[in-house]
Amino acid sequence: MLVLGIESSCDETGAAIVQDGKTILSNIVSSQIDIHRPYGGVVPELASRKHIETIYHIVGESLHEARVSLDQIGAVAVTKGPGLVGALLVGLSFAKALAYARNLPLLGVSHIEGHLLSIYLEEETPEFPYVALLVSGGHTALYHVSDFLHHSLMGRTRDDAAGEAFDKTAKMLGLGYPGGLTVSRLSRKGNPLRVNFPRALLDKDLYGFSFSGLKTAVANYIRSNINSEDTVPVEDICASFQEAVVDVLVQKTLKAALQQKVNSITVVGGVASNDRLREKLQCEANKEGLRVFIPRPEFCTDNAAMIATAGYHYWRNGQVSGLDLDPISRDRL
Ligand code: KG4
Ligand code: ZN
């Protein structure tokens, strides 16, 4: 079955055609970064307007690249949230109109489940049960996953998400928006041991996360560093910050996997494309005999292929939405 996936929860308009939740026939992503860059972050109203301008063309391109016609599509999957409501409404309205006109099942997909299922776009996949770390700009959470759509939340961030911490650090260092990738690139040339930033391990909240203290520590450090005679290079600040985030993510994920007695770990979401996180988790997991599965970077960041994959599993599970489907702004998973 061919599923057309549509994603418009934030600043990327995406459309993809995926067969049986696995084989990607096309995956088109149109980024709005250049529009939001001058403002240092996503401007919701501008995001919605750009989605409106782009969505028709992106869906057309996804069909063209997949070499399929609308007649061959079996269902339309669309992100219902969480995300920016105005942005979500564009994808939802488009998907609803298409499903109605073509009499196709409409599958309203949780963006979080989209990320969790993004691992199935890869050849090698973990066996159930496993522990999943979702790390993106909006979420940082650990899940115990026992089937495609069965997962229980083990812990989540109580303040900033890891990606948000990367973006805010980049902003404080004057590295522009979006900053995660820039911080990770600069980190390659930096010394991670130069600054000892705090690691919030939250002893009483074993699987919870907190990155706001780290953010404040970085802000204070930058302030004192500017006035110092012996200025520390930005690469060292980036590498030291990144190491602090990665240490916490790796330690907590390993602990969760060992406590749950699973054999595998997946890491999904935009921050899962971070090379230091990938490397360190792989290395530490090897020592414990655990296998690590992480999607290719293009499936870590927001994309519609993961929405089509999740949609396929919703459809198999009979989770079809009505045309009265509303967007959800907050995480209700
Ligand atoms: O999954 P995603 O595309 O969107 C959300 O659902 O939030 O994740 C975007 C987040 C941003 O905060 C971005 O800075 C971060 O992922 N990110 C990275 C890297 N690439 C993207 N953070 C650290 N290292 C990277 N290489
Ligand atoms: Zn996302």
Side-chain angles (χ1 to χ4, degrees), residues 5-14 16 27 29-33 36-37 40-42 44 47 79-84 87-88 91 109-119 121 132-141 156-157 160-173 175-188 190 192 211 214-215 218 238-239 241-250 266-281 294-307 309-310 328-331 333:
I6 295 176
E7 155 67 35
S8 70
S9 64
C10 192
D11 60 344
E12 258 119 17
T13 322
N27 181 38
V29 181
S30 169
S31 169
Q32 304 180 353
I33 283 174
H36 301 291
R37 186 173 284 122
V42 179
T79 307
K80 65 179 175 191
L84 303 169
L88 288 165
V109 171
S110 145
H111 186 80
I112 294 169
E113 277 177 321
H115 276 302
L116 286 175
L117 272 74
S118 61
I119 196 63
L121 294 165
L133 170 69
L134 165 60
V135 258
S136 68
H139 308 275
T140 298
R156 65 179 353 153
T157 182
D160 292 351
E164 206 177 342
F166 267 92
D167 294 336
K168 287 177 178 169
T169 295
K171 203 169 181 173
M172 291 187 280
L173 289 168
L175 301 174
Y177 157 88
L181 190 56
T182 315
V183 170
S184 79
R185 281 194 182 138
L186 289 173
S187 296
R188 286 180 203 149
F211 295 105
L214 172 59
K215 182 182 65 187
V218 173
C238 286
F241 157 80
Q242 176 176 271
E243 203 63 14
V245 175
V246 167
D247 270 354
V248 172
L249 295 175
V250 168
T266 68
V267 190
V268 294
V271 183
S273 61
N274 181 277
D275 46 11
R276 181 63 185 142
L277 173 61
R278 296 169 87 99
E279 174 193 60
K280 191 154 190 175
L281 186 63
I294 309 179
R296 276 164 281 174
E298 66 260 43
F299 301 127
C300 292
T301 44
D302 287 350
N303 66 88
M306 69 184 193
I307 301 303
T309 293
I328 49 166
S329 61
R330 300 290 296 264
D331 164 14
L333 191 70

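Note that the structure is a prediction, hence the values are computed from the model and not measured. Just so you know, ligand 1 is whichever comes first in the structure, and atom 1 is the first atom listed for that ligand.
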Would you mind running through ligand 1 and noting each atom that sits below 4.0 Å from a heavy atom of [X]?
X	answer
G138	7 (O)
H115	1 (O), 6 (O)
H111	6 (O)
G163	12 (O)
T301	3 (O)
C300	1 (O)

Of the non-hydrogen atoms in [X] and [Y], which two are nearest, and what is the gap between them?
X	Y	result
C300	P295	SG-O, 3.4 Å
V135	V267	CG2-CG1, 3.8 Å
I307	G114	CD1-CA, 4.2 Å
A310	V109	CB-CG1, 3.6 Å
S329	P82	O-CB, 3.3 Å

How far is [atom] from its nearest protein heavy atom, and which residue and atom name does that atom have?
atom	answer
atom 26 (N) of ligand 1	S184 OG, 3.3 Å
atom 22 (N) of ligand 1	G180 CA, 3.7 Å
atom 8 (O) of ligand 1	G270 CA, 3.3 Å
atom 3 (O) of ligand 1	D302 N, 2.9 Å
atom 9 (C) of ligand 1	G137 N, 3.8 Å
atom 19 (C) of ligand 1	S273 OG, 3.7 Å

Ligand 1-proximal atoms of [X], by part, heavy-atom distance under 4.0 Å:
X	value
H139	neither
D167	side chain
P178	neither
A161	neither

Problem - Residues E7 and S9: side-chain donor-acceptor under 3.5 angstrom - result: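 Yes.
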
Practice task
Inspect the contact between E164 and K215 and indicate whether a charged nitrogen and a carboxylate oxygen are less than 4.0 angstrom apart.
Solution key: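 Salt bridge: no.
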
Exercise for the section: Keeping the roles fixed (side chain from T309, backbone from M306), state whether a donor-acceptor pair exists under 3.5 Å. Expected result: no

Practice task
Check whether any side-chain N or O of S136 sits under 3.5 Å from a backbone N or O of G270 as a donor-acceptor pair, and report yes or no.
Solution key: no

Problem - Test of proximity, D275 against ligand 1: N or O pairs below 3.5 Å - result: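 No: no nitrogen or oxygen of D275 is under 3.5 Å from one in ligand 1.
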
Handout entry: ligand 1 to G269 polar contact by distance, N or O atoms, under 3.5 Å
Key = no

Handout entry: Test side-chain hydrogen bond (donor to acceptor under 3.5 Å, both in side chains) applied to N274 and E279, Q242, K280, the passing residue
Key = Q242

Practice task
Side-chain contact test, heavy atoms from C-beta onward, threshold under 4.5 Å: evaluate it for K168 versus V218 and give yes or no.
Solution key: no

Exercise for the section: Would you indicate whether the side-chain heavy atoms of L249 and L281 approach each other to under 4.5 Å? Expected result: no

Exercise for the section: Just go through V271, N274, V246 and tell me whose heavy atom is the nearest to atom 15 (C) of ligand 1. Expected result: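 Considering heavy atoms of V271, N274, V246, the nearest to atom 15 (C) of ligand 1 sits in V271.
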
Handout entry: Backbone or side-chain N/O/S of H139 under 2.8 Å of the Zn ion (ligand 2)
Key = no

Problem - N, O or S of C10 under 2.8 Å from the Zn ion (ligand 2) - result: no

Problem - Atom nearest to the Zn ion (ligand 2) - D302, N, O or S atoms considered - result: OD1

Problem - Residues, nucleotides or ligands: over 12 heavy atoms within 6.0 Å of R185 CZ - result: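 No, CZ of R185 has 12 or fewer neighbouring heavy atoms, counting only those of other groups under 6.0 Å.
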
